[in-house]
Amino acid sequence: MHLTRFSLSPLLLWLLAASYCWLCAVVACYTSHPWRSLADDLGITLPGGVQFEKYDVFHDLILSEEFKRLGTYGLADGLLGAFSIGFPPVLSFGSPAMIAKVAPALLRGEKRIALAISEPYAGSDVANIRTRGELSADGSHWIVNGVKKWITGGYWADYFTTLVRCPQGMTLMLISREMGVETKKIKTSYSASAGTAYVEFRDARVPVDCVIGEVGKGFYYSMSNFNKERWAMAASGNRMSRLMVEECFKWALQRKVFGKRLIDQPVIRLKLAEMAAEVEGVHSFIEDVTYQMSKMTEASTSDDSVVDVVGSVCVSLLAAFTCCSSCCLR
Ligand SMILES: Cc1cc2nc3c(=O)[nH]c(=O)nc-3n(C[C@H](O)[C@H](O)[C@H](O)COP(=O)(O)OP(=O)(O)OC[C@H]3O[C@@H](n4cnc5c(N)ncnc54)[C@H](O)[C@@H]3O)c2cc1C
């Protein structure tokens, strides 16, 4: 697959035709091996004749980078980002009944899902979220109250993978819009097409079977999910940095000042070289981490100590990418 910014119009038409369900399958199929056959059962195939069993995290890297190559980060986030962080916890930790109920429509692109963790009071500090869940008197529902902020794709989402503070500990719940959820658009500096939303739960009545995995284990599930998100942010962000290098290079070749092209000034060439070195360094780090991830077994991804180690590596990766993008932006 090879996308360019010039293919944006056909891409939008393609989106209007609502034919992005294979993308959903792509994101979903690596997450939890037993569920790969689900996309197969639905008749969803991968582009380029790639077999589901051969799909690995390197394919995911290519997909992620090619979408960011368009230079439209918000569109890619609205289309794919919300799904790729909201759906994996359901596939990895949800019950078979929950998956059977929601996955087909999500994989076909008929319904949308978002990840609702951050709040106005707690972003990085996830342990301090305030959205609360109380069990109803008859024990059949959780009554959820609280607000979530910066939720990508939240404005259009049908389902919200939501972290809730319950008396038994943090719990991840799959809350659907009609259970008592209201959303408002948040204006952002990157794009309205990301569907970024402020999400309110007002006495939302969430059936107990909408708990993802076990009550009280939501923090662990969220941390495990963040690892892939951090990796994807670094991969996508570094592709945007590469785009900046490309644009600066083109501009330096054509812009003339003081009778010379910018590229003919040694200081500009040094600047471009520094940017390129940063981007290549981070890309190499990303490929190393991707290789390690491709060698991890299904069992090891749910091992607490492995989740911790991968978490540290992915945070370092994110830090390296942040330094690199700062260098390119300066
Ligand atoms: C484009 C975008 C999309 C998003 N999509 C989603 C989504 O779909 N779902 C969702 O739940 N959330 C989403 N978020 C929210 C995101 O997860 C939070 O913005 C993030 O966790 C940071 O939280 P905060 O903005 O409250 O910053 P804060 O937690 O207030 O942090 C502010 C700054 O301080 C730094 N900082 C914080 N703690 C420390 C520390 N201990 N040591 C050193 N530095 C520290 C942070 O790195 C940051 O630079 C999104 C955010 C953005 C920008």
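What you see below is based on every heavy atom in this structure, not just the backbone, and it leaves out hydrogens, waters and symmetry mates. What you are looking at is a predicted structure, and each value in this text was computed from that prediction instead of being measured. Just so you know, ligand 1 is whichever comes first in the structure, and atom 1 is the first atom listed for that ligand. FYI, the numbering just counts along the sequence from 1.
- E246 has a carboxylate O that lies under 4.0 Å from a charged side-chain N of K250, or vice versa, which qualifies the two as a salt bridge.
- Nearest protein neighbour of atom 8 (O) of ligand 1, counting heavy atoms only, is T152 N, 3.0 Å.
- For atom 40 (C) of ligand 1, no protein heavy-atom neighbour is found at a distance under 4.0 Å.
- Closer than 4.0 Å to atom 5 (N) of ligand 1 lies at least one heavy atom of the protein.
- Checking P120, A194, G123, A157 against atom 20 (C) of ligand 1, the nearest heavy atom belongs to G123.
- Minimum interatomic distance between H141 and R205 (heavy atoms only, all atoms of both residues): ND1-NH2, 3.4 Å.
- Within the set Y121, F160, W150, the minimum heavy-atom distance to atom 14 (N) of ligand 1 is found for W150.
- Of all protein heavy atoms, the one closest to atom 9 (N) of ligand 1 is L115 O, 2.8 Å.
- Closest protein heavy atom to atom 28 (P) of ligand 1: S124 OG, 3.6 Å.
- Put simply, atom 47 (O) of ligand 1 has no protein non-hydrogen atoms near it, under 4.0 Å away.
- In this structure, atom 35 (C) of ligand 1 has its sub-4.0 angstrom surroundings free of protein heavy atoms.
- Atom 43 (C) of ligand 1 is not flagged as protein-proximal [any protein heavy atom, distance under 4.0 Å].
- Ring geometry for Y55 against H59 counts as parallel: the plane angle stays under 30°, on a 0 to 90° scale with 60° as the upper cut.
- Counting only heavy atoms of the protein, atom 17 (O) of ligand 1 lies nearest to S118 OG, 3.1 Å.
- Within the 4.0 Å heavy-atom shell around ligand 1 one does not find T196.
- Counting protein heavy atoms under 4.0 angstrom from atom 12 (N) of ligand 1 gives one or more.
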